[in-house]
Asker: 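Below is the structure I would like to discuss, written out as structure tokens.
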Amino acid sequence: MKLRLFLGMGALLAASATLAHHSFAMFDQKQVWTWEGTVVEYSWRQPHVHIIVQVPESKTNPKLGGTWDFESSGPNIGARQGWTRTTFKPGDKITVVGNPKLDGSRGASLKYAKTESGQILYHDVERKVTPENTPAT
């Protein structure tokens, strides 16, 4: 009886963890954009790290201006890629490369970030988008 109860509890916990995770399907994986701006907020927490960036208005590309929410991996994956809870602070200059949201709102999935000193910090281990193959926006 205890074994069945234990197995049932394990199955429920596994199912709830699966339901809790969300995908990156809301981002346009066919488009890769580059934003340059100033960090407003850096949230190092589960389930995903967020960087809020103020991007100045641009006459050459007006769709990039405004306040953007860049979503990254979770802190555990980010830490393995060199991120820390103090990687960015409000006021830091940043370049972000990622996939914009499909619905046109000011949010994006982060592929990599570039610090003011030039350090490249990737979002995940795939690294399909790199500085060498980032399209010009």
Asker: Is it the case that Gln119 and Ser117 place a side-chain donor and acceptor less than 3.5 Å from each other?
Answerer: no

Asker: Take the angle between the ring planes of Trp68 and Trp35 and call it parallel below 30°, perpendicular above 60°, tilted in between.
Answerer: tilted

Asker: Can a donor-acceptor pair be found between the side chains of Ser109 and Glu71 at a distance below 3.5 Å?
Answerer: no

Asker: Check the orientation of Tyr112 and Tyr122. Use parallel for under 30°, tilted for 30 to 60°, and perpendicular for over 60°.
Answerer: tilted

Asker: By side chain to side chain donor-acceptor pair (under 3.5 Å), which residues pair with Asp103, not counting sequence neighbours?
Answerer: Ser105

Asker: Should Asn99 and Val32 be marked as a side chain to side chain contact (heavy atoms under 4.5 Å, CB included) after you check the CA-CA gap, both sets of side-chain angles, and the distance that decides it?
Answerer: CA-CA 5 Å; Asn99 307 115; Val32 177; 3.9 Å; yes

Asker: Determine whether Phe88 and Trp44 satisfy the following criterion, side chain to side chain contact (heavy atoms under 4.5 Å, CB included), listing intermediate values before the conclusion.
Answerer: CA-CA 10 Å; Phe88 293 106; Trp44 178 264; over 6 Å; no

Asker: How long is the straight-line distance from OG1 of Thr87 back to CG of Leu121, given to the nearest 0.5 Å?
Answerer: 6.0 Å

Asker: Ignoring hydrogens, what is the shortest heavy-atom contact between Gly107 and Phe27? Give both atom names and the distance.
Answerer: C-CE2, 4.3 Å

Asker: Would you call Val97 and Trp33 a side-chain contact if the rule is heavy atoms closer than 4.5 Å?
Answerer: no

Asker: Decide yes or no for Val53 and Val40: does some side-chain heavy atom of the first lie under 4.5 Å from some side-chain heavy atom of the second?
Answerer: no

Asker: Sub-3.5 Å donor-acceptor pair from the side chain of Arg106 to the main-chain atoms of Pro100, do we have one?
Answerer: no

Asker: Quick one: closest heavy-atom pair of Pro56 and Gly37, and the distance?
Answerer: CD-CA, 4.2 Å

Asker: Using a 3.5 Å distance criterion without hydrogens, assess whether the side chain of Asp92 forms a donor-acceptor pair with backbone atoms of Thr115.
Answerer: no

Asker: Decide whether Glu41 and Ser43 meet the rule of one side-chain donor and one side-chain acceptor closer than 3.5 Å.
Answerer: yes

Asker: Atom CD in Gln31, atom CG in Leu102: separation rounded to 0.5 Å?
Answerer: 8.5 Å

Asker: Tell me, with the steps shown, if Thr67 and Gln54 meet side chain to side chain donor-acceptor pair (under 3.5 Å).
Answerer: CA-CA 4 Å; Thr67 303; Gln54 181 63 46; 2.5 Å; yes

Asker: Heavy atoms only: give me the nearest His48-His50 pair and the separation to one decimal.
Answerer: O-CD2, 3.3 Å

Asker: Apply side chain to side chain contact (heavy atoms under 4.5 Å, CB included) to the pair Leu64 and Glu57, showing each step before the final yes or no.
Answerer: CA-CA 7 Å; Leu64 297 179; Glu57 297 296 326; over 6 Å; no

Asker: Give, for atom NZ of Lys93 and atom OG1 of Thr95, the distance between the pair rounded to the nearest 0.5 Å.
Answerer: 10.5 Å

Asker: Which one of Val49, Val129, Asp69, Val96 satisfies the side-chain contact (heavy atoms from CB on, under 4.5 Å) criterion with Leu110?
Answerer: Val96

Asker: Quick check for you: to the nearest 0.5 Å, what is the distance between Gln46 atom CD and Asn76 atom CG?
Answerer: 5.0 Å

Asker: With clusters defined by side-chain heavy atoms of hydrophobic residues (ILVMFWY) lying less than 4.5 Å apart, directly or transitively, does Phe70 cluster with Ile52?
Answerer: no

Asker: Determine whether Ile94 and Glu116 satisfy the following criterion, side chain to side chain contact (heavy atoms under 4.5 Å, CB included), listing intermediate values before the conclusion.
Answerer: CA-CA 6 Å; Ile94 187 174; Glu116 195 169 10; over 6 Å; no

Asker: Is a side-chain donor-acceptor pair under 3.5 Å present for Ser72 with His123?
Answerer: yes

